[in-house]
Amino acid sequence: MLSTRGERYAKAGLADGYLSKMHFDTDNKQNVVSFSNAENFLMQDVMLEYIRKHVSPGLDSTNLTYHEGSFGSSRLRAAMTNLITTYFHPATPISPDNIVFANGVTSLNALCALSLTNPGDGILLGQPIYGSFTGDLRVPSDCQLIYTPFHGDDPFSPDAVARYEETFLQARDETGVTIKALLICNPHNPLGRCYSRETLEALLLFCQKYQIHLISDEVYALSVYGDSDPVGFVSVLSIDAVPLGVDPALIHVLYGMSKDFAAAGLRLGCLISHNERLLQAALSMSRFHWPSNISCSIATAVLEDQDFVGTFLQKSCQLLRSHRDLAGQALQEAGIPFAQGSIAGFFLWIDLSKCLDNTIVTSQGEWTAELDLSRRLQQIGVVMSSGHAYHNEVAGWFRVIFSVEVERLKLGLSRIIEFYHSSNSNI
């Protein structure tokens, strides 16, 4: 009895992961270690203490009104403008008018897909990449997601642009799909790496060549903990597009409070763009993705306190580095391979392909074997996002979240390590 659209949402099951989490938390609270949700659990107490002490006493009746509207107050947008200017080093000045808020980057992904694609049009992505883009982008807009394999090439090098172009031309010429945008995660989820300035410039030139938009999801921008890799975080905003011959109206950045500020529950994200028509579309659609005024007030108070922001981010990166080193050392000593070069985010991308059941691989395929492997990991009390969910090129890879309490991290890792060695001996 539903519309076609309603049936699409019903079949998508976008709440299934949260329902599963509720089940695990309720029935196996002491037994299951969840490495599924990428949140900075290490800094939540610090943020909560600040909110209780500095923000809650200042809330007033305006927080219970519609206030200035659905797209973020002028103070919030000004505070975010200052943060972007300070940490993202934009080549072209950003003003509050270049920023539109919604209730999370998830909503902004949907707004971008709705604004930039028609049903059946494509958005280009690399492999692997954040799995929930499928629900965020495709389900609301009925666009297609076109994934680019790299076949062993470094996806963060300028050479990767040739792979994107190959996929773009194949989609256009062989299947008739009109690709409207390229979406990247910078820093990357799940690989934890950043794009160099050279690679970003090459991607911009590619987008200009085919007149497609570049959407850069930079939600982990200030969770960069590496100090040995020469490539740190470079925002696409910091690149002057005009001398390259690139139209600035093709460049859009997504950012939010969920990751860097350990505040996923605030449900606050923003679109940063110089494209006036896209901003107008986002302003209109923000009515349906209206962030809470209480959340906006909390974020405003935090962002305006520049001393707190600096101290908070410094401590966060120190803790992330410590936990990443702990996880990396444990995996390395156990002989479990993982993607190298990660310097940002909350995760490591680990290779458990040796634990795939070869009988299932032979009879039903490697992705069915990976699903079986996920179930076996859950049976020993570890929940992780899998390679299939992240559109990896090969089966058997999983994302470990290390931004959890240290004893929980050690417990989860010990289970994975024991499982890895016992599975290798049994299969």
Side-chain angles (χ1 to χ4, degrees), residues 3-6 8-9 12 14 62-81 84 90 92-123 132-145 178-183 207 211-219 236-237 247-258 266-297 299-300:
S3 66
T4 301
R5 186 186 307 107
R8 187 166 72 243
Y9 274 97
L14 301 183
T62 62
N63 295 112
L64 303 179
T65 71
Y66 293 125
H67 203 40
E68 294 179 37
S70 58
F71 44 82
S73 69
S74 55
R75 272 185 65 187
L76 174 59
R77 286 181 287 117
M80 181 57 76
T81 297
I84 297 298
T92 301
I94 299 295
S95 79
D97 292 336
N98 297 120
I99 296 177
V100 175
F101 272 88
N103 57 350
V105 173
T106 294
S107 290
L108 291 164
N109 285 324
L111 295 186
C112 285
L114 288 164
S115 300
L116 300 177
T117 70
N118 293 309
D121 287 343
I123 295 178
S132 292
F133 280 144
T134 301
D136 297 354
L137 300 165
R138 181 179 57 79
V139 175
S141 68
D142 203 22
C143 71
Q144 299 186 59
L145 302 187
T178 300
I179 289 178
K180 293 293 188 68
L182 166 65
L183 173 58
C207 290
Q211 285 296 287
I212 65 175
H213 297 265
L214 176 64
I215 306 169
S216 183
D217 181 339
E218 300 186 358
V219 74
V236 72
L237 293 173
D247 184 355
L250 296 176
I251 305 169
H252 321 294
V253 166
L254 305 180
Y255 186 66
M257 303 292 290
S258 294
L266 284 186
R267 307 310 308 136
L268 270 179
C270 63
L271 164 68
I272 306 158
S273 178
H274 289 282
N275 187 314
E276 292 185 6
R277 295 302 290 168
L278 176 60
L279 290 170
Q280 285 295 324
L283 283 169
S284 291
M285 286 190 283
S286 68
R287 176 179 176 86
F288 309 107
H289 303 274
W290 196 320
S292 159
N293 283 328
I294 293 178
S295 292
C296 290
S297 291
T300 301

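With no hydrogens or angles considered, no side-chain donor-acceptor pair links T106 and N109 at under 3.5 Å.
If you take SG on C296 and CZ on R75, they are separated by 11.5 Å, rounding to the nearest 0.5 Å. Expressed to the nearest 0.5 Å, how far CD1 of I212 lies from CG of L116 amounts to 11.0 Å. Expressed to the nearest 0.5 Å, how far OG of S95 lies from CD1 of I272 amounts to 11.0 Å. Note that CE of M257 is 7.0 Å distant from CG of L268, once rounded to the nearest 0.5 Å. Here CZ of F101 is found 4.5 Å from SG of C270. Values are rounded to the nearest 0.5 Å. Annotation: the span from C112 atom SG to M285 atom CE amounts to 8.0 Å, rounded to 0.5 Å.
Across every non-hydrogen atom of I215 and A181, the tightest pair is CD1-CB, 4.1 Å. Shown here for L114 and P140, the closest heavy-atom pair between the two residues is CD2-O, 3.6 Å. Counting all heavy atoms, side chain and backbone alike, P93 lies closest to N98 at O-OD1, 4.1 Å. Scanning all heavy atoms of the two residues, the minimum distance from G72 to R77 falls at O-NE, 3.0 Å. Taking all atoms of both residues into account, the shortest heavy-atom contact from C143 to L137 is SG-O, 3.7 Å. The shortest heavy-atom contact between L279 and V100 is CD2-CG2, 3.8 Å.
A donor-acceptor pair under 3.5 Å links the side-chain atoms of E68 to the main chain of S74, judged by distance alone. Distance alone, capped at 3.5 Å, is enough to place a donor-acceptor pair between the S3 side chain and the G6 backbone. Formation of a donor-acceptor pair under 3.5 Å by the W290 side chain with backbone atoms of N103 is not found in this model. Side-chain atoms of S216 never come within 3.5 Å of backbone atoms of E218 as a donor-acceptor pair (strictly under, hydrogens ignored).
For the pair L214/L250, no side-chain contact is recorded, criterion being any heavy-atom separation below 4.5 Å from C-beta on. V219 has its side chain out of reach of L254: every pair of non-hydrogen atoms, C-beta onward, lies at least 4.5 Å apart. Contact annotation: the side chain of D217 approaches that of F133 to within less than 4.5 Å [non-hydrogen atoms, C-beta and beyond]. Between R5 and D142, the closest side-chain pair of non-hydrogen atoms is not below 4.5 Å. H274 has its side chain within reach of I94: a pair of non-hydrogen atoms, C-beta onward, lies under 4.5 Å apart. Taking 4.5 Å as the limit, some side-chain heavy atom of L278 sits within range of a side-chain heavy atom of L271.
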Let me see the working for N63 and H67 under side chain to side chain contact (heavy atoms under 4.5 Å, CB included), right down to the final yes or no.
CA-CA 7 Å; N63 295 112; H67 203 40; over 6 Å; no
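For CZ of R8, the number of neighbouring non-hydrogen atoms (other residues, nucleotides, ligands) closer than 6.0 Å is greater than 12.
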